[in-house]
Amino acid sequence: MNLNSIPAFQDNYIWVLNDETGRCLIVDPGEAAPVLAAIAENSWQPEAILLTHHHNDHVGGVAELHRRYPNLIVYGPEETRNKGTTKIVADGDRIRVLDQDFHVFATPGHTLGHVCFYSAPWLFCGDTLFSGGCGRLFEGTPAQMYRSLQRINTLPEETLICCAHEYTLSNMKFALSVLPHDLFINEYYREVNELRAKKQITLPTTLKKERQINLFLRTDDIDLINEIDKETKLLQSEERFAWLRSKKDNF
């Protein structure tokens with residue numbers, strides 16, 4: 001299987017998995033035009049679409065793609081029912097696409113109905129986990145997002161995090177503002193800065209890397225706890241997560 005990223009809008013990525021015969025699945029097509037161009041260029045045969053949540057920059061291209069390819073199966077959570085989804089999926093479901101089993105699990109926080117799709121080594125996590133960060137809480141609570149990230153964090157370290165936005169550089173600038181002397185964060189910031197200077201993609205990342213550099217996965221890290229303690233005493237991991245998310249919102 002080959003993993004492909006298609007840039008869309010200002011900083012979105014639409015992910016495509018294809019097999020050796022050209023059959024493919026498409027993840028979160030916010031617009032159709034770049035996907036159709038890639039399909040033509042690579043002679044792909046689309047079989048399915050996976051939707052993680054209902055925001056338009058993830059579902060806006062579904063109608064046109066489905067019109068072009070009427071046999072497409074569109075998998076998505078309940079909140080995407082009116083966004084072109086033909087098969088509703090929920091936490092604990094397993095679907096088979098391109099001879100691959102994908103496990104569906106709920107990750108509320110960014111939206112209430114957000115889901116992720118996992119088929120080792122790929123995790124299509126939409127706007128839940130980013131490299132160096134996590135999604136804004138448009139509908140859910142800090143506690144929900146914290147639990148969603150903890151669930152992702154149970155996956156194997158070699159998991160490829162296929163998130164939907166190129167936010168890595170800004171996330172690492174935030175991480176540096178919190179832990180300016182952290183060696184892992186400084187090293188990754190330099191790496192990401194070089195990639196973006198060349199207009200190169202920073203994704204997918206690995207869960208192993210995120211455990212090192214993503215503050216939202218390090219809420220029990222003693223260095224982070226000591227830094228937070230300079231401002232406020234927060235005893236629970238969820239509280240520290242909420243503090244970080246609030247800081248990032250205003251960064």
A.B. asks: Is there a side chain to side chain donor-acceptor pair (under 3.5 Å) between Glu166 and Tyr13? Walk through the geometry before answering.
C.D. replies: CA-CA 7 Å; Glu166 183 60 73; Tyr13 290 122; 2.7 Å; yes
A.B. asks: What residue among Pro121, Cys116, Cys125 forms side chain to side chain contact (heavy atoms under 4.5 Å, CB included) with Ile161?
C.D. replies: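 Result for side chain to side chain contact (heavy atoms under 4.5 Å, CB included) with Ile161: Cys125.
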A.B. asks: Look only at the side chain of Asp93 and the backbone of Val104, and say whether a donor-acceptor pair between them is shorter than 3.5 Å.
C.D. replies: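 It does not hold such a pair.
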A.B. asks: With sequence neighbours excluded, tell me which residues meet side chain to side chain contact (heavy atoms under 4.5 Å, CB included) with Pro142.
C.D. replies: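 Expected list: Leu137, Phe241, Ala242.
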A.B. asks: Run the ring pair (Phe, Tyr, Trp, His ring centres under 6.0 Å) test on Phe130 and His165 for me, step by step, so that the C-alpha distance in whole Å, both residues' side-chain angles and the decisive distance to 0.1 Å come before the verdict.
C.D. replies: CA-CA 7 Å; Phe130 297 125; His165 290 274; 5.8 Å; yes
A.B. asks: Hey, would you say the Phe117 and Phe102 ring centroids sit under 6.0 Å apart?
C.D. replies: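 Distance test on ring centres: not under 6.0 Å, no.
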A.B. asks: Report the C-alpha distance between Asn18 and Arg23 in whole Å, list the side-chain angles of each, state the deciding distance to 0.1 Å, and finish with yes or no for side chain to side chain donor-acceptor pair (under 3.5 Å).
C.D. replies: CA-CA 5 Å; Asn18 73 280; Arg23 297 184 304 154; over 6 Å; no
A.B. asks: Does any pair with a residue in residues 174-183 pass side-chain hydrogen bond (donor to acceptor under 3.5 Å, both in side chains), and if so which ones, sequence neighbours excluded?
C.D. replies: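 Those involving residues 174-183 are Asp182-Arg218.
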A.B. asks: With side chains defined as the heavy atoms from C-beta onward, is the minimum distance between Leu36 and Glu64 less than 4.5 Å?
C.D. replies: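 Side chain of Leu36 against side chain of Glu64, heavy atoms only: contact under 4.5 Å found.
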A.B. asks: When you look at CZ of Phe184, are more than 12 heavy atoms from neighbouring residues, nucleotides or ligands closer to it than 6.0 Å?
C.D. replies: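 Not more than 12 within 6.0 Å, no.
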A.B. asks: Return the minimal non-hydrogen interatomic distance between Cys162 and Leu3, and the atom names on each side.
C.D. replies: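 The pair with the smallest heavy-atom distance is SG-CD2, 3.8 Å.
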A.B. asks: In terms of heavy-atom contacts, does CD of Glu158 have more than 12 from other residues, nucleotides or ligands at under 6.0 Å?
C.D. replies: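 Count over threshold, so yes.
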A.B. asks: Do Ser246 side-chain atoms and Trp243 backbone N/O form a donor-acceptor pair below 3.5 Å?
C.D. replies: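 It does not hold such a pair.
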A.B. asks: Apply ring-ring contact (aromatic ring centres under 6.0 Å, His included) to His55 and list each qualifying residue two or more places apart in sequence or on a separate chain.
C.D. replies: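 Once residues adjacent in sequence are excluded, the partners of His55 under the ring-ring contact (aromatic ring centres under 6.0 Å, His included) criterion are His53, His110, Phe138.
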A.B. asks: Mind running salt bridge (Lys or Arg N to Asp or Glu O under 4.0 Å) on Glu194 and Lys198 for me, showing each step along the way?
C.D. replies: CA-CA 7 Å; Glu194 290 177 6; Lys198 300 173 185 175; 5.4 Å; no
A.B. asks: Would you say that Gln100 contacts Ser119 through its side chain, given a criterion of any heavy-atom pair below 4.5 Å between the two side chains?
C.D. replies: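 Side-chain contact under 4.5 Å: yes.
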